[in-house]
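The basis for the numbers below is simple: all heavy atoms, side chains too, and nothing from hydrogens, waters or symmetry mates. Throughout, protein chains are lettered first and strands after them, A, B, ... in sequence-line order, and every chain is numbered starting at 1.
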There are 2 protein chains.
Amino acid sequence: MKPGPRRSVSQVDIVDAAFEILEQKGFAAVSVRGVAAALGLTPTAIYTYFPSKNALLRAMVEELLSSLDLAAAGDTGAPWRERVHALAAALRARIAEHTGAMVLVTSGPLDGRHALGLNETLIAGFMAEGMPQADAARAAYAVRAHVLGVAALDAAERVDDAETAAETSTAGALWSDAASHPLTEATAHLVADGAEPSAFAWGLDRLLDGLLAA
Amino acid sequence: MKPGPRRSVSQVDIVDAAFEILEQKGFAAVSVRGVAAALGLTPTAIYTYFPSKNALLRAMVEELLSSLDLAAAGDTGAPWRERVHALAAALRARIAEHTGAMVLVTSGPLDGRHALGLNETLIAGFMAEGMPQADAARAAYAVRAHVLGVAALDAAERVDDAETAAETSTAGALWSDAASHPLTEATAHLVADGAEPSAFAWGLDRLLDGLLAA
DNA sequence: ACCTGAACACCGTTCAAGT
DNA sequence: ACCTGAACACCGTTCAAGT
């Protein structure tokens, strides 16, 4: 921990420390200063490893995506539809695991090695199902969008649950009364996070229906 | 502008000023202090109108959604598929219009009046096509997720374009070389923002194919 | 080469005080 | 009732200096 010419931590250590904070205190609490403190470093030492906070955030996204099993998704032993489901569910779960991970994913480009690897796997998979390359690319785009969108709705729902307090005073006029949205109200449980059958799996299946019929 | 017992601005003025800043300087620049300064107010005056910065951000999301023409989406004069396309395209455009609007949408719950109204319109539309209520709710969920996901990919792409500089030094190992992702490379133009035919419209059509066949 | 310490220009939010 | 001014506890980032 004393000053010296040898690296006392690694990039991975920093990313891990950042995830620890993300998990425990949310996205807003992920600060260069906080991460440094967690590692017993000075804030400025972090800039020896990452050129900016943004670079650190992107490394976190890559770390998140690196845990996806792309090899399994490419293994033709199981039907393609099943493999897409597994991959999509894993990605969704990875984002849902950490409070505020969605903001993370949204706040930077998705051009890291693992992000591109995911796309590559999806395109290849759809082509193996007989799709021309152009349609396979569009299909991969649709699947990525779908999963990301579900993750966004997940995140929104979780923020909602975490805040059922105090905020009804000044902002009251902006929020809804249930009576004016009867359909949403009546079906809320069907699309909630733990609903069975999962609205996510159902929607993804309909998307795959449409894609694979094309 | 002088101190006094009368409101010098409205909630809408504050939201508008915040959008001005969002558009010109991005999400990170939207600060209570900055918005207040733009209106000739002191930061603390903002807390007379909104209980927190988060409440202001949510009001911005509602403002964004309020411009959607839900009446047109409910008008059975045009085919349902066309109306969904129009609604989805409008929502996507609304988010793409302002730099950083996606982070905005992702950073809070989507439970405002207009957010719920959008959902209500979608469920009703699918039911009018003959879907049972439960499936219509899941279909609405899928469409919302899809559009949100596309907006997220849009946003990621735009951040990417805005930053093709300097960042290749330390973080270099994390980014990709094109050669290892040939399919992504070869098809990038097909799913890019202004591609024709639009990957967004194509994917939404496949999703609707699957949904309406169910 | 790696790290510290001090500094710059910011944040969101609270609170007593003015009109 | 609405707003200001000062203050608290933070930010990301830069830069000269130490070992």
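Ring-plane geometry between Phe126(B) and Trp80(B) is classed as perpendicular, the angle between the planes exceeding 60 degrees on a 0 to 90 degree scale with a lower cut at 30.
Rounded to a whole Å, the OH atom of Tyr49(B) is 7 Å from the C1' atom of dC2(D). In this structure, Gln11(B) atom CD and dC2(D) atom P are separated by 12 Å, rounded to whole Å. Note: NZ (Lys53(B)) to P (dC11(D)) measures 14 Å, nearest angstrom. Taking atom CD1 on Ile14(B) and atom P on dC2(D), their separation rounds to 12 Å, with Å as the unit. Remark: C1' of dT4(C) and CD1 of Ile46(A) are 13 Å apart, rounded to the nearest angstrom. Distance Phe27(A) CZ to dG12(C) C1': 16 Å, rounded to the nearest Å. The nearest whole Å value for the distance from the CG atom in Leu56(A) to the C1' atom in dT13(D) is 14 Å.
Contact annotation: Tyr47(B) does not reach the phosphate of dC3(D) (side-chain N/O to OP1 or OP2, under 4.0 Å). For Ser8(B), a side-chain nitrogen or oxygen approaches OP1 or OP2 of dC3(D) to under 4.0 Å.
Of the possible donor and acceptor atoms, none in the side chain of Arg138(A) sits under 3.5 Å from a partner among the backbone N and O of Val191(B). Looking at Glu62(B), its side chain does come within 3.5 Å of a backbone N or O of His114(B) through a donor-acceptor pair. Between the Thr187(B) side chain and the Leu190(B) main chain, no donor and acceptor come within less than 3.5 Å of each other. Judged by distance alone, the side chain of Thr42(A) and the main-chain N or O of Thr44(A) form no donor-acceptor pair under 3.5 Å.
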Extract from the structure each pairing of a protein N or O with an N or O of nucleotides 5-10 of chain C at less than 3.5 Å, listing the distance.
unit_1	atom_1	unit_2	atom_2	d
dG5(C)	O6	Thr44(A)	OG1	3.2

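Comparing dC3(C) with dA16(D), their C1' atoms sit 13 Å apart, to the nearest whole Å. Rounded to a whole angstrom, the distance from the P atom of dA9(C) to that of dA9(D) is 23 Å.
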Intra- and interstrand pairs of DNA chain C - dot-bracket, Watson-Crick/G-U under 3.5 Å, | marks other strand: ||.|||||...|||||.||
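Once rounded to the nearest 0.5 Å, the distance linking CG of Leu118(B) with CG of Leu91(B) reads 6.5 Å.
Look at Arg206(A) and Asp135(B) and you find no salt bridge, because none of the NZ, NE, NH1 or NH2 atoms lies under 4.0 Å from a carboxylate O. Using a 4.0 Å cut-off between a side-chain N of Lys or Arg and a carboxylate O of Asp or Glu, Arg83(A) and Asp75(A) do not qualify as a salt bridge.
Each of dC3(C), dT13(C), dG12(D) was ranked by its minimum atom distance to the side chain of Arg7(A); first place goes to dC3(C).
Trp202(A) and Tyr141(B) have their aromatic ring centers separated by at least 6.0 angstrom.
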